[in-house]
Number of protein chains: 2
Amino acid sequence: MAVTIKDVARAAGCSIKTVSRVVNDEPYVSEATRARVQKAIDELGYVPNIFARRFAQQRSYTLGVLLHSGGYNQQAWLSSILEIGYEYNYDILPQSYFPAYKKSQQKLASLIHERRIDGLVTTPPCDLDEFVLQQVTQSGIPLVRVNPYDRSGDLPYVSGDDFQGARMLTQHLMDLGHRRIAFFRGPLNHRMSVDRFHGYRAALEEGRLEYRAEWVQDSLFNFDGGYNATRMVMRGEDRPTAIFAGSDESAQGALFALREMGIEVPGEVSVAGFDDMPLAGNTWPGITTVQMPYRNIVEQAVNLLVDVLNKKDSGLQQVILPGRLILRGSTGPVPDPQG
Amino acid sequence: MAVTIKDVARAAGCSIKTVSRVVNDEPYVSEATRARVQKAIDELGYVPNIFARRFAQQRSYTLGVLLHSGGYNQQAWLSSILEIGYEYNYDILPQSYFPAYKKSQQKLASLIHERRIDGLVTTPPCDLDEFVLQQVTQSGIPLVRVNPYDRSGDLPYVSGDDFQGARMLTQHLMDLGHRRIAFFRGPLNHRMSVDRFHGYRAALEEGRLEYRAEWVQDSLFNFDGGYNATRMVMRGEDRPTAIFAGSDESAQGALFALREMGIEVPGEVSVAGFDDMPLAGNTWPGITTVQMPYRNIVEQAVNLLVDVLNKKDSGLQQVILPGRLILRGSTGPVPDPQG
DNA sequence: CTACAAATTGACAACGTTGTCATTTATTGC
DNA sequence: GCAATAAATGACAACGTTGTCAATTTGTAG
């Protein structure tokens, strides 16, 4: 029915193995033959049978991706990885994964043993899950962790630089003249929270600004967290002129709270987020934030995985990529203290 | 290396074909044999080789999903379909698709001809794309449209009932005593916009309320749309007491605008959205909205597709499922006119 | 007990590619 | 021009399952 490699071989007057060589860009085919075969392929509209190929090679050309459904920035990871997967000609099998859930574990086991994925990509916080690590080591499937919660261990990862991003953002606020900068710190068991916090402190130190504990609020990275933390830091007389909310959702909560209090943004108080989620541009004013190079991160992750699969890499790389400042309307010059 | 069907056959003392029958739950195996084979499978830890199976059957057991990346409610569709795909033991290959983009078209062609997907699911607005329809008819691959923009044609679909949802929501506002209800209508080339509008009007008529054109704003389904439309309807003296914003994002914009104007929600004006997106519960107050049964819709869609693939269905079904009212803080009783 | 149908089982081909290895052809060094 | 080497090519097995069909066993009606 469909055109097979045999039809091409017949049309090109050569063996099926030679056609296979041409299709897979292998060496040891003369230019003349290659051209003849290519012509036959084009004329017949031959498309290699993917089932046969995977069967013969016992490789799935498929990568599994674990996503945390409630997750932080799942959307950005997923769309990037789909894109990159297409470019590398790998199938992407995403699965939502809740650490320690029986059903999630079954799904992962199915990916590995039934679907026979060639490699696995984790997004936070799936890299923390015991079961994931155990399955990976047991099966020997190459793993790359994307933005891992936990950077310890030999396992490879590609991650955005939360420290650098937070420092850069804080620096931006200082460049605008702010000297009183509040920071909303996320959960302390997230490496990202801690890294961002350290970035904030590093910038303060570099600018010789005093660190004031009452302007650092422990909160969640969500709307309510930002809302409540804003209420807290804006209570007294001694208010900050800028709020680095730690995440975009949190910044949104801050915007809402400030609006409620009749405080103008950025006229009286500047607000900044982190992550550049879609919502960050959709508020008014738009939220100044740090964009992590999702596409780049995922590209490097997939690249690493594919190299390991093709034995071009030992798979021990650990990469950290810088973020980028996205300036929007929510930050502005510090108000004139006299005004 | 790995355990194959031959190993099981040897252990169970039967032919490989009999093992195959047991594995695939086919008839014509005696109970005794079935038990013996099952025991061997369990003891050896046999897992069928998916490559060989797909190769022999020339079926991918894979469904393609076209998602509009900027899209409306992509997230909800995707996580549902991954879930359902797992349950049906089908692989899900999602692709972001921008109508009329060359690259998107290449991706779709690749899904069909290289990946050889067994069926295709479209999410709005991909069901409108000429190329999609052409590829589907040409290749004969079964298609199900989920929440199609366009319900015309014989192609099967499973859709939420926007009309019923909007009517129900409007009815809810009327039950709270509102007689002056604004409606923000989305783009008129979206069936959903139109259906929701008709639902709104139907409810008004049933409640014998006057339809007032100046309270219907043509806007976009996003934050800015809701913000601007709110500014418009709240301009004059003759203000509505409730706003049905047409979508959650739009409702968020409305909340923001009302807050700016110092109008209390729901004390002075009630606000309602549509879709129950994650953000709807994260604002303050939470947005009363209509939740479409995403999981259910997708389940029926996949179910239909699988039935067609197994020749249990002709694939002409068109299903419409009702939504559900989600009550949150943004709607309340109409304020006392005397107050 | 016989004839026939139904249930059960197995032998073997087929699916379309890639991997291995042998063979043929071209190229190089002397 | 000859041997040695490298490049090009092809024959054929292997991958592990399912589909087809024939063979065998069991059950049933008369």
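In what follows, every chain begins at residue 1, and chains take the letters A, B, ... in the order their sequences are listed. Please read all numbers here as calculations on a predicted model, not as lab measurements.
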- Task: Report yes or no: do A/D91 and A/Y61 form a side-chain donor-acceptor pair below 3.5 Å?
- Result: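 Checked: A/D91/A/Y61 side chains show no N/O donor-acceptor pair below 3.5 Å.
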
- Taking atom types as modelled and ignoring hydrogens, do the side chains of A/R151 and A/S159 form a donor-acceptor contact shorter than 3.5 angstrom? yes

- Item | Residue met sooner reading DNA chain D from 5', once B/Q57 and B/R21 are mapped to nucleotides |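 Result: B/Q57.
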
- Message: Here's a test of your reading of the structure: between B/V23 and A/Q58, which maps to the more 5' nucleotide of DNA chain D?
- Response: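 Looking at the nearest nucleotide for each, A/Q58 comes out on the 5' side.
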
Nearest-nucleotide pick for [X], side chain only, options being [options]:
X: B/T18; options: D/dT17, C/dT18, C/dG10; value: C/dG10
X: B/Y28; options: C/dT17, C/dT9, C/dG19; value: C/dT9
X: A/K17; options: D/dT20, C/dT20, C/dT9; value: C/dT20
X: A/I5; options: D/dT9, D/dT18, C/dT18; value: C/dT18

- Message: Taking the six-membered ring for Trp, are A/H68 and A/F98 closer than 6.0 Å centroid to centroid?
- Response: yes

- Message: Under 4.0 Å from OP1 or OP2 of C/dC15: is there any side-chain N or O of A/T4 that close?
- Response: no

- Query: Below 4.0 angstrom from OP1 or OP2 of C/dA7, is there any side-chain N or O of B/S30?
  - Reply: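 Indeed not, no polar side-chain atom of B/S30 lies that close.
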
- NA contact type, A/I16, heavy-atom cut-off 4.0 Å: base, sugar-phosphate, or nothing?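 Base contact - A/I16 has a heavy atom under 4.0 Å of at least one base atom.
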
- Item | side-chain contact (heavy atoms from CB on, under 4.5 Å) partner of A/Y90, chosen from A/I84, A/V302, A/D118 |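 In the set A/I84, A/V302, A/D118, the residue that makes a side-chain contact (heavy atoms from CB on, under 4.5 Å) with A/Y90 is A/D118.
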
- Find which nucleotide of DNA chain C each of B/P27 and B/F55 is nearest to by heavy atoms, and output the residue with the more 5' nucleotide.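 Going by which nucleotide is closer to the 5' end, it is B/P27.
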
